[in-house]
Amino acid sequence: MRDSNVNFGVLHRTCQLLVFFCFVYISATLVYYAKSVNFRLAFVQNPQSHSKTESSKLEAKDAGASELIIVTLGSNFSESSEPGHRTLEYCPEPSPLLVGPLRIEFSSPVSLDTVRHENTELHEGGRYTPLDCMALQKVAIIIPFRNRDEHLKFWLYYLHPILRRQQLDYGVYVINQAGNETFNRAKLLNVGYVEALKEYDYNCFVFSDVDLIPMDDRNTYSCFSQPRHLSVSMDKFGFRLPYNQYFGGVSSMSKEQFLKINGFPNNYWGWGGEDDDIYNRLSSKGMSISRPSGAIGKCRMIRHDRDKQNDPNPQRFDRISHTRDTMHKDGINSLSYSVVQVEKDLLYTKITVDVGKPTK
Ligand code: BGC
């Protein structure tokens with residue numbers, strides 16, 4: 001009888017201890033859970049307390065997406081030396097979002113509203129920055145322009161999704177020549193370079209005709225260790241280069257490469273020659289041309305009649321033969337123009353400029 005009393009006492013105390021440990025365990029779990037919920041809410045309610053790009057990602061999500069945010073942070077953000085502060089990792093190269101060859105056609109017209117609806121991730125002025133990684137380059141895309149609204153719609157329709165998949169931090173600048181004087185493509189490109197830099201610290205410049213669309217998104221619209229020619233196999237030329245030194249259509253240059261050649265010539269009025277002059281500038285400075293393969297560099301040109309006030313420039317052959325003598329005084333260091341109007345659309349920044357007229 002006494003033995004059984006002792007056993008009962010031991011059992012009773014053991015049970016009490018067990019209940020006590022269970023209580024401690026449950027309390028600790030509840031405290032930990034409450035803290036983690038607070039932490040998640042703090043991320044959603046106060047995104048400004050994190051880095052700029054991180055906060056824009058968070059702002060884009062609603063409070064109900066807090067789970068998703070935590071997952072995203074875990075996969076693409078890394079801890080910096082400051083405790084609690086996270087920074088974006090660089091975007092991988094090549095972008096995992098690329099799909100390769102694309103079907104490009106111009107049979108049915110597109111409306112700007114449709115294009116706007118399909119590109120809601122953009123910021124005003126045709127700006128885009130990847131949200132879950134830090135872009136490797138800041139690219140200004142410069143399009144010389146006059147009276148080609150139909151072409152511009154196709155360009156925006158096809159290019160924005162491609163550029164987003166390329167994970168670039170980019171802006172689109174349409175440089176519109178005011179008035180009816182002879183067109184000056186290269187001068188408009190110089191203007192685009194200067195105007196884009198007034199807005200953002202771009203380190204790469206892509207110069208694109210408005211009527212050229214790449215047929216493969218692996219043809220990255222960014223800069224390389226040498227100036228890049230991107231439109232290497234155009235349908236217009238039977239998907240091959242018309243000649244080895246051809247540098248027309250779409251090209252890219254880093255800020256450094258552009259400045260090394262004093263930018264582009266300002267005195268090529270009318271069609272032709274300015275791209276050959278740019279090629280001469282690059283080769284005279286010891287640079288070579290980098291190109292994607294013929295397959296990746298395929299592109300389509302939107303067919304059109306010759307523009308008014310853009311007849312072939314009869315002086316071009318003479319000018320091309322003197323590039324080495326003229327390039328140091330004619331270029332970004334001698335550029336003069338005036339801005340007539342700046343329009344900000346979701347899809348682009350359009351800058352209308354007076355670039356003057358040819359001197360007789
Ligand atoms: C012109 C270039 C043009 C090329 C291809 C050359 O004769 O000088 O400006 O891009 O032909 O059409």
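Whatever order the structure lists ligands and atoms in, that order sets their numbers, starting from 1. Basis for what follows: all heavy atoms, side chains included, without hydrogens, waters or symmetry-related copies.
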Novice: Quick check: does D276 get an N/O under 3.5 Å from an N/O on ligand 1?
Specialist: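 So ligand 1 has an N or O lying under 3.5 Å from an N or O of D276.
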Novice: Would you mind running through ligand 1 and noting each atom that sits below 4.0 Å from a heavy atom of D275?
Specialist: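 Selected atoms, number and element: 2 (C), 3 (C), 9 (O), 10 (O).
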Novice: Between ligand 1 and G273, is the shortest N or O to N or O distance under 3.5 Å?
Specialist: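 N/O-N/O distance below 3.5 Å exists for this pair.
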Novice: Any chance you could lay out the side-chain hydrogen bond (donor to acceptor under 3.5 Å, both in side chains) test for S334 and N266, step after step, and finish with the verdict?
Specialist: CA-CA 8 Å; S334 63; N266 296 304; 3.3 Å; yes
Novice: Can you tell me which residue and heavy atom of the protein come closest to atom 12 (O) of ligand 1, and the distance to 0.1 Å?
Specialist: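 Among all protein heavy atoms, the one nearest atom 12 (O) of ligand 1 is W271 CZ2, 3.6 Å.
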Novice: Can you check side-chain hydrogen bond (donor to acceptor under 3.5 Å, both in side chains) on E105 and Y158, steps first, answer last?
Specialist: CA-CA 10 Å; E105 49 98 23; Y158 281 118; 4.6 Å; no
Novice: I need the atoms of ligand 1 closer than 4.0 Å to a non-hydrogen atom of Y246, numbered in the order shown.
Specialist: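 So the answer, numbered in order with elements, is 5 (C), 10 (O).
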Novice: For this output row, return yes or no: ring centroids of Y246 and H229 closer than 6.0 angstrom.
Specialist: yes
Novice: Assess whether side-chain hydrogen bond (donor to acceptor under 3.5 Å, both in side chains) is satisfied between Y202 and Y173, documenting all intermediate values.
Specialist: CA-CA 12 Å; Y202 292 106; Y173 296 86; 2.7 Å; yes
Novice: Return yes when G272 approaches ligand 1 closer than 4.0 angstrom through a heavy atom, no otherwise.
Specialist: yes
Novice: For atom 6 (C) of ligand 1, state which one of Y243, Y279, F247, F237 supplies the nearest heavy atom.
Specialist: Y243
Novice: Decide side-chain hydrogen bond (donor to acceptor under 3.5 Å, both in side chains) for S233 and K298; before the verdict, give the C-alpha distance in whole Å, the side-chain angles of both, and the deciding distance to 0.1 Å.
Specialist: CA-CA 5 Å; S233 42; K298 280 172 103 176; over 6 Å; no
Novice: Might you confirm whether atom OH of Y157 has over 12 heavy atoms from other residues, nucleotides or ligands at distances under 6.0 Å?
Specialist: no
